[in-house]
Structures are given as C-alpha cells and as structure tokens.
Student: 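First, the structure itself, so that you have it in front of you.
So that the names make sense, note that chain A is the first sequence line, chain B the second, and so on, each numbered from 1.
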Number of protein chains: 2
Amino acid sequence: MRRMTARPANAHQARLLRLLRDGGPNSRAQLGDQVDLSRSKLAVEVDRLLETGLVVADGLAASRGGRRSHNVRLNPQLRFLGVDIGATSVDVAVTNAELETLGHLNQPLDVREGPVAVFEQVLAMAAKLKATGLAEGFDGAGIGVPGPVRFPEGVPVAPPIMPGWDGFPVREALSQELGCPVMVDNDVNLMAMGEQHAGVARTVADFLCVKIGTGIGCGIVVGGQVYRGTTGSAGDIGHIQAVPDGRPCACGNRGCLEAYFSGAALARDAMDAAQQGLSAELAARLATNGGLTAVDVAAAAAAGDATSLDLIREGGNRVGQVIAGLVSFFNPGLVVIGGGVTGLGHTLLAAIRTQVYRQSLPLATGNLPIVLGELGPTAGVIGAARLISDHLFSPA
Amino acid sequence: MRRMTARPANAHQARLLRLLRDGGPNSRAQLGDQVDLSRSKLAVEVDRLLETGLVVADGLAASRGGRRSHNVRLNPQLRFLGVDIGATSVDVAVTNAELETLGHLNQPLDVREGPVAVFEQVLAMAAKLKATGLAEGFDGAGIGVPGPVRFPEGVPVAPPIMPGWDGFPVREALSQELGCPVMVDNDVNLMAMGEQHAGVARTVADFLCVKIGTGIGCGIVVGGQVYRGTTGSAGDIGHIQAVPDGRPCACGNRGCLEAYFSGAALARDAMDAAQQGLSAELAARLATNGGLTAVDVAAAAAAGDATSLDLIREGGNRVGQVIAGLVSFFNPGLVVIGGGVTGLGHTLLAAIRTQVYRQSLPLATGNLPIVLGELGPTAGVIGAARLISDHLFSPA
DNA sequence: TCAACTTTCTCCACTCACAGGACAAAGAAG
DNA sequence: CTTCTTTGTCCTGTGAGTGGAGAAAGTTGA
C-alpha cells in the first residue's frame with residue numbers, strides 16, 4: 001500500500017489537520033469556528049487536503065437546525081507506530097491518525113543489549129501488529145528511549161542506563177527500516193505528551209509529568225510545548241541530591257533521589273526488609289517469587305503490610321521533597337505522577353502531596369492539582385504517536 | 001511634548017522596531033538582510049514607520065562600495081522609564097528607545113511602607129530626572145517589584161515581603177500618574193531581561209538568572225521569553241528547602257534557602273561571628289558602623305578575613321546545591337548570578353560552581369557557563385525598559 | 001402542505017500583501 | 001571616463017484572502 005507522502009502545504013492546512021486529529025470528524029463550518037478564516041478560504045484548503053488524501057469525506061452529520069453538514073476526517077487508513085522503550089520492557093502500539101490505539105504489545109526487554117538487538121525486537125513486534133491486519137504500513141513512527149536525546153537529529157546522547165546507545169542514529173536507522181518518517185524523544189517527554197493529548201493534562205499549558213519507573217524523570221511542558229533543555233537533558237531529576245552525603249548512587253555521586261526512591265530502590269529496600277524479618281508479608285512473597293519488585297510492595301501494602309506502607313511513604317516523602325522544590329521553581333498548573341510505580345497508588349500520592357503542600361509557597365500550591373496519570377502504560381506510545389503526528393502535521 | 005501614541009500596525013513593523021532597538025541605526029538594505037522581506041515591501045513598511053514618527057531618518061552611512069545608504073533609527077526623543085523597586089532601595093532610570101541609560105537614580109527605600117508612599121518617591125525621582133532635561137515625558141514605563149505579579153494585569157499577588165501591596169493595581173495607578181503605558185513584572189524577571197538585552201545572556205535562548213539580594217529569586221528564560229509560571233510565582237527559589245528540618249525561616253517553614261544565604265542571612269551570620277569574637281576584622285567593622293551588611297563581609301573577605309571567606313563559601317555551597325538541582329531539572333545554556341551580593345565576587349562564584357559541577361550530570365554541565373551578571377544595578381532598570389518596549393513594539 | 005427561517009456550502013468579484021524585475025541614484029575602482 | 005557595486009524606488013503580476021450573493025438542504029410552525 002502506498003503510504004502517506006503528502007504534507008500540509010501551509011500553516012492553515014497544518015492547523016486543520018491538528019484540529020481533525022484532536023477533535024475527530026468535523027464539518028467545514030465547525031472547523032471555520034475554530035480557525036479564524038473566511039468560509040471560502042477554508043473550503044479551498046479543505047478541498048486541497050481532500051486532494052492529497054490526508055483527509056477524506058465522512059458522510060453527512062445530523063442537522064443542527066439547517067442544512068446538514070458534510071463531515072471530513074483524517075484518512076482512517078493512516079497508521080502511526082508508537083514505540084516506548086523502557087529500561088526493562090518495551091511497548092509498541094499502532095494508532096490511527098486520531099491517535100486512537102488500535103493495537104498494543106508489551107514485552108520484557110533489556111535496553112542494555114544495545115540498539116541493534118532492541119530494534120530487531122521492536123521491528124518484530126511491529127510486524128506482528130501488521131500481521132493482524134491493523135496496518136499495511138506506517139506513515140510515521142515515534143520512538144521513546146530512556147535517556148537524553150539530541151532532539152533535532154534523533155540521537156541519544158550520553159544515556160547513563162544505556163551506554164551502548166550513545167550516538168546511535170536511532171532516527172535515521174529506524175526511518176530506513178520502517179520506510180517512514182521517524183521522530184525520537186526521551187520516554188518521559190512522550191509520557192507528558194500522551195497525558196497532554198488524551199489524559200489528565202488536556203487543558204493545562206504549563207505542567208510537570210513525573211515518571212517513576214526503574215528511574216525517575218520529569219517531563220516539562222511550557223506553553224503546551226515540551227521543553228527539552230539546551231542539551232536535551234531537561235527533566236533529569238533522578239540525580240538531584242535529596243540527602244546531602246547520603247547513600248551512594250550508581251552515577252557516582254551520593255544522596256541522589258534515585259538512590260532513595262525508584263522502582264529499583266524500592267525493590268532493594270523491600271528485599272532488605274524481608275531478609276531482616278521486618279515483614280512477614282514481604283518475606284512470604286520473597287520465598288515464593290525468589291525476588292521482589294515494586295509490584296510486590298504494592299500488593300503487600302494493599303494487604304495492609306505496615307513495612308511496605310512505610311517504605312512507600314518514606315519514598316513518597318523523598319520524591320515529594322524534590323517535587324516541592326520544582327513546584328516553587330516552576331510554578332506549574334498541574335503535576336502528573338506516572339510510570340511503573342503508580343501501582344503504589346494513593347499512599348504514594350498522599351505522601352507526595354503532603355510534602356509539596358507543606359513546603360512550597362501557598363501561591364504556587366493554592367490551586368495546584370497533583371494527580372496520577374490517566375493512561376498508564378499507553379501514555380508513552382500515545383505520546384510517541386503524537387510526536388510524529390506533530391511533525392507530519394506541520395508545514396513541509 | 002506630545003508623547004508616542006503610535007504603535008506598529010503589523011508584525012513586520014514590530015519586527016523592524018525591535019531590530020532598530022537592538023541593533024541601533026540601520027539602513028533599509030541592512031534591515032532587509034535580517035527580515036526576509038522583499039526590498040519593496042520593506043521600503044513600504046519603513047516609510048510607514050517614518051510617517052508615524054516612531055522612526056526617523058538618520059543621515060547617510062559610509063559607502064560600502066556603492067551608493068551610500070540612508071540610515072533610519074528609532075526616534076531619539078522617545079523616552080522609557082525603568083523602575084526597579086527592591087526591598088530596601090529603588091532604582092529609577094531614563095532610557096532612549098534603544099534602551100541606553102541616559103540617567104539613573106538610586107535611593108534607599110522601605111518597600112513595606114506600601115505602594116502609595118513608594119510611588120510618591122518614585123514619581124519624585126522621575127520628576128527629578130525630567131528636570132535635568134533628559135525627558136519631557138515618558139512614552140512607556142516598566143516597573144519591577146520584589147514579589148510575584150499577575151502579569152497580564154500588572155498586579156502583585158500575595159507578595160511575602162510587601163504584604164501591603166497585595167492586589168494593588170500598580171499598572172493602572174502608575175499608568176494614570178505617568179500618562180503612558182506601563183508594564184509590571186517581578187524584579188528578578190527584569191534582571192534576566194536586562195542581562196539578556198545588554199549583558200551576558202545576549203545569545204542564549206534558555207538560561208537562569210539567580211538574583212541574590214535581600215532575598216533570593218531566579219529568572220527563567222525559555223526560548224528567549226521570560227517564563228512566569230501559572231500564577232506568576234515561577235523562580236521563587238528562596239523558600240526551597242535546603243536543609244531538612246533546618247533553621248526556621250520567616251515564611252514559617254524550616255530549612256529554606258533564604259534562611260541560610262541571602263543578604264539578610266549573611267549580615268546576621270556576620271554579626272554573630274563578630275559578637276562571638278571569631279573575627280577581629282568583622283568586630284572592628286561592627287564597632288565603627290554599629291551594624292554589618294553583606295558589603296562589610298565582602299570587604300572583610302577581600303582583606304583576607306578567614307571567617308568572612310568561610311561564611312561566603314558556606315553560603316555559596318548552599319545556593320550552589322539548590323542551583324545544581326535546578327540545572328539538572330532545567331538544563332539551561334547559561335546561569336547568571338546577580339543581585340546585591342555579587343560584591344562577594346569570585347569566592348561566591350567558585351563555591352557555586354564547585355557544587356554545580358560536582359552534583360549535576362555531566363551532560364547538563366558539560367558546556368554550562370556560570371557567570372556573574374555584567375550590568376550590576378542597572379540590569380533591573382534596563383530590563384524594565386525592555387519590558388515596556390517589548391510591549392509597545394508589538395502589533396497593536 | 002407551504003412559507004419562513006437556519007445552517008451549510010459554493011461561487012465570484014474585489015482587495016491587498018508581496019515578490020521580483022527594471023531602473024535610477026550614488027559612489028568606488030580602475 | 002567607463003565599468004562595477006551598492007542602495008533605493010517604481011511598477012506590474014500573482015496569489016492569498018475577504019465578504020457578499022445565492023443555492024442547497026433542513027427545521028419549524030401555521
């Protein structure tokens with residue numbers, strides 16, 4: 001099947017494509033209400049989009065008291081591939097142009113095996129999704145990787161947890177393999193974009209999205225746009241010092257936030273507690289599973305295990321302390337907590353909220369919601385699809 | 001004298017005005033090189049600007065190998081008023097449209113006396129500057145206040161150190177008094193804009209500007225634009241927790257950065273040291289002056305006083321620790337240190353640098369200059385002038 | 001069933017922004 | 001004094017965009 005080659009010819013068309021992406025099928029009249037163009041000009045641009053095939057007619061809408069409108073929508077055959085590579089697992093999803101997830105796969109993975117092995121797996125997953133008939137090819141792909149990225153080139157730079165990826169031309173390589181445009185970004189930024197598109201952050205211009213998984217990162221959105229920093233490492237809060245001269249961290253420093261709370265740190269602390277006989281619940285799980293993860297701690301906490309609850313609260317306090325500082329500094333309109341450890345749920349959230357509301361200035365916290373992400377593991381892949389659609393739906 | 005009523009009629013004119021502001025007199029040809037318009041269109045817009053009086057002819061430039069160019073420049077009679085209200089002093093300056101300082105006054109002041117008393121003083125200072133013949137009136141004024149501001153309305157909100165100002169319609173009131181457009185912003189943001197316009201930050205898109213005076217604040221510039229946050233309190237880093245359960249702070253919390261280092265904290269620590277006999281140098285100054293300020297500590301340090309040097313280093317470490325966190329989070333391209341305590345100079349800077357370079361990730365610090373502000377006390381007033389000029393030099 | 005009103009969409013003529021070339025003015029270099 | 005360069009102006013063609021007229025397709029009420 002011939003894939004999308006067309007791109008919007010001007011800013012108007014780009015605007016229209018994004019409106020159709022975010023608002024679904026729409027009539028010319030409805031589009032006109034949102035776009036500040038005369039009806040005639042708008043009709044011309046819509047017709048041109050129809051010619052390119054990016055947009056197709058979508059039948060008649062119900063009357064609103066007059067002539068029924070002819071709806072248009074984004075071509076329903078367009079397909080985006082969203083890939084969210086984590087430290088220990090990978091999500092791959094297929095979406096349509098409205099960024100609805102049509103198919104989603106998750107597999108365990110060790111990112112340290114390097115880009116070649118990982119992409120082999122990712123491509124196999126994409127092929128599997130294609131084989132189900134969801135897609136005949138992809139019009140674009142967004143890729144999230146767990147480390148800083150030089151965004152314009154789509155190349156990871158000095159990623160601590162995946163050293164083999166440093167400088168690997170992810171964008172170029174995958175674009176070649178998939179035969180479509182590719183954009184690459186930090187996984188945390190993609191999660192923020194996902195929650196912005198379809199989650200809790202739909203109406204907020206400036207917000208923070210804290211992702212707590214194997215590590216900790218923070219997506220920063222300023223004026224509706226992801227802020228990536230000068231070298232692409234903005235939001236790297238895992239190695240902010242939480243405790244002066246504290247625990248040693250894998251990064252070589254001491255007292256980093258990640259050394260105190262993250263999926264990895266929590267698992268280790270739980271293991272210690274179990275072995276020291278502090279928690280029968282955890283010890284039992286350790287005996288049956290042969291190991292402990294954040295999921296075990298969540299389950300134990302849900303079962304009322306005091307030690308697990310303490311671990312979560314203590315970790316939440318640490319993260320909350322750092323977030324409190326960021327809130328004072330950044331004065332966001334919303335803080336989203338997401339990532340693997342959201343399974344820890346409201347115990348974690350309560351601890352974070354307590355710290356932030358106690359430590360930050362009233363003006364910054366007065367009207368500040370701190371909430372869990374809404375999309376769970378799909379946030380990343382939806383964000384990835386949004387990333388590439390933002391790119392494709394902008395003037396060529 | 002009739003003051004400027006004209007405003008640029010479109011984005012092109014606004015662009016041209018800003019080019020003339022930032023680049024001084026220019027020929028049509030030179031402007032054309034920067035603005036991506038055809039010569040004809042550009043000539044039309046320049047002519048229109050000449051008609052409005054915002055721009056005037058400025059004679060012939062030297063030949064560059066062909067016909068000599070007719071320079072144009074911003075009307076040299078345009079005058080902006082820059083006001084930087086600090087906690088304990090106020091700066092008032094008059095600039096031309098190119099934001100060159102033509103006259104500058106500084107007076108002590110207690111901001112807690114409230115807006116009415118303060119504005120009386122500010123207006124008297126403005127009148128004094130006018131009386132010297134520098135200006136017959138003002139075409140616009142920028143006002144900086146030491147607290148958060150609801151920017152669109154120009155109204156301080158919940159300012160901790162100037163409670164009497166809460167909700168006072170600064171913009172409206174001063175606009176009435178001065179008879180010209182007025183914009184109001186946080187003093188720290190103005191300092192950042194000043195350093196951006198005429199100081200060390202001229203070429204950087206994303207940077208932080210830490211102002212250490214009576215308190216501590218941080219201007220945040222994203223993509224060349226000041227970021228103010230959701231409620232206008234972005235950059236309020238003085239009450240980030242530097243030490244868990246540390247010293248009590250005036251804000252009611254414990255361990256705030258400001259409790260450890262700021263002009264006020266430094267003066268108090270120096271006093272303690274002098275009274276405990278730890279420093280003969282400081283004790284002598286206390287005896288002669290009857291009190292100590294950051295200036296005394298700076299002088300003592302310059303004279304080699306070990307206690308003073310220690311105080312500065314210790315404070316620098318605290319600030320540096322917080323800045324290190326912000327650098328990890330924000331990944332700026334530059335960090336500017338400014339405000340009253342810049343007199344502490346390189347001892348302070350060295351301490352800050354040590355902390356940041358040690359604690360932040362290499363990717364974020366690798367190419368990160370940390371420097372003192374270049375403009376000193378004029379940064380604020382230049383920033384204020386820039387604020388109002390940005391407003392006036394945008395399409396009506 | 002018909003008239004009156006709404007909403008949606010299309011067509012057309014007119015305006016204006018803008019580009020780009022021709023050309024004039026003014027100086028430099030040989 | 002000729003040629004080349006730079007700068008600025010004039011003019012015309014093009015295409016973007018507006019706004020009105022009117023057709024198409026419905027709803028509503030008498």
Student: Starting at atom CG of L50(B), determine the distance to atom C1' of dT9(D), rounded to an integer number of angstrom.
Tutor: 14 Å
Student: Is the backbone of G103(B) close enough, under 3.5 Å, to the side chain of T101(B) for a donor and an acceptor to pair up by distance?
Tutor: no
Student: Tell me, with the steps shown, if N331(B) and T230(A) meet side-chain hydrogen bond (donor to acceptor under 3.5 Å, both in side chains).
Tutor: CA-CA 6 Å; N331(B) 187 18; T230(A) 300; 4.9 Å; no
Student: Considering only distance and modelled atom types, tabulate donor-acceptor pairs under 3.5 Å from the side chains of residues 170-179 of chain A, sequence neighbours left out.
Tutor:
unit_1, atom_1, unit_2, atom_2, d
R171(A), NE, V182(A), O, 2.9
R171(A), NH1, P152(A), O, 2.9
S175(A), OG, C180(A), O, 3.0

Student: Between R21(A), H197(A), Q225(A), which is the residue that forms a side-chain contact (heavy atoms from CB on, under 4.5 Å) with D390(A)?
Tutor: R21(A)
Student: Taking atom CG as the centre, does D36(A) end up with more than 12 heavy-atom neighbours from other residues, nucleotides or ligands that are less than 6.0 angstrom away?
Tutor: no
Student: Does anything in residues 26-34 of chain B reach DNA chain D, meaning a heavy atom under 4.0 Å, and if so which residues?
Tutor: S27(B), R28(B), A29(B)
Student: Does H12(B) have a side-chain nitrogen or oxygen under 4.0 Å from the phosphate oxygens OP1 or OP2 of dC18(C)?
Tutor: yes
Student: How long is the line joining CG of L42(B) and P of dT9(D), in whole Å?
Tutor: 10 Å
Student: In whole Å, what is the span from the CG atom of D36(A) to the C1' atom of dT18(D)?
Tutor: 12 Å
Student: Relative to the 5' end of DNA chain C, which residue comes earlier, S69(A) or K41(B), by the nucleotide with the nearest heavy atom?
Tutor: S69(A)
Student: Is it the case that the base of dG19(D) and the side chain of S40(A) share a donor-acceptor contact (distance under 3.5 Å, atom types as modelled)?
Tutor: yes
Student: Quick check on DNA chain D: between N71(B) and N10(A), whose nearest nucleotide comes earlier from the 5' end?
Tutor: N71(B)
Student: Taking CZ from R48(A) and C1' from dG17(D), how many angstroms apart are they, rounded to a whole number?
Tutor: 11 Å
Student: Under the 6.0 Å and 45° cation-pi test, does R18(A) pair with F393(A)?
Tutor: no
Student: For nucleotides 23-30 of chain C, read 5' to 3', which letter fits each nucleotide if B means a protein heavy atom sits under 4.0 Å from the base, S means only the sugar-phosphate is that close, and - means neither?
Tutor: -BBBBS--
Student: May I ask you to decide if E195(B)'s main-chain N or O and E374(B)'s side chain share a donor-acceptor pair within less than 3.5 Å?
Tutor: no
Student: Does NZ or CZ of R79(A) come closer than 6.0 Å to the centre of the six-membered ring of F138(A), within 45° of the ring's axis?
Tutor: no
Student: Between Y227(B) and Y227(A), is the gap from one ring center to the other below 6.0 Å?
Tutor: no
Student: dC18(C) P sits how many Å from R15(B) CZ, rounded?
Tutor: 14 Å
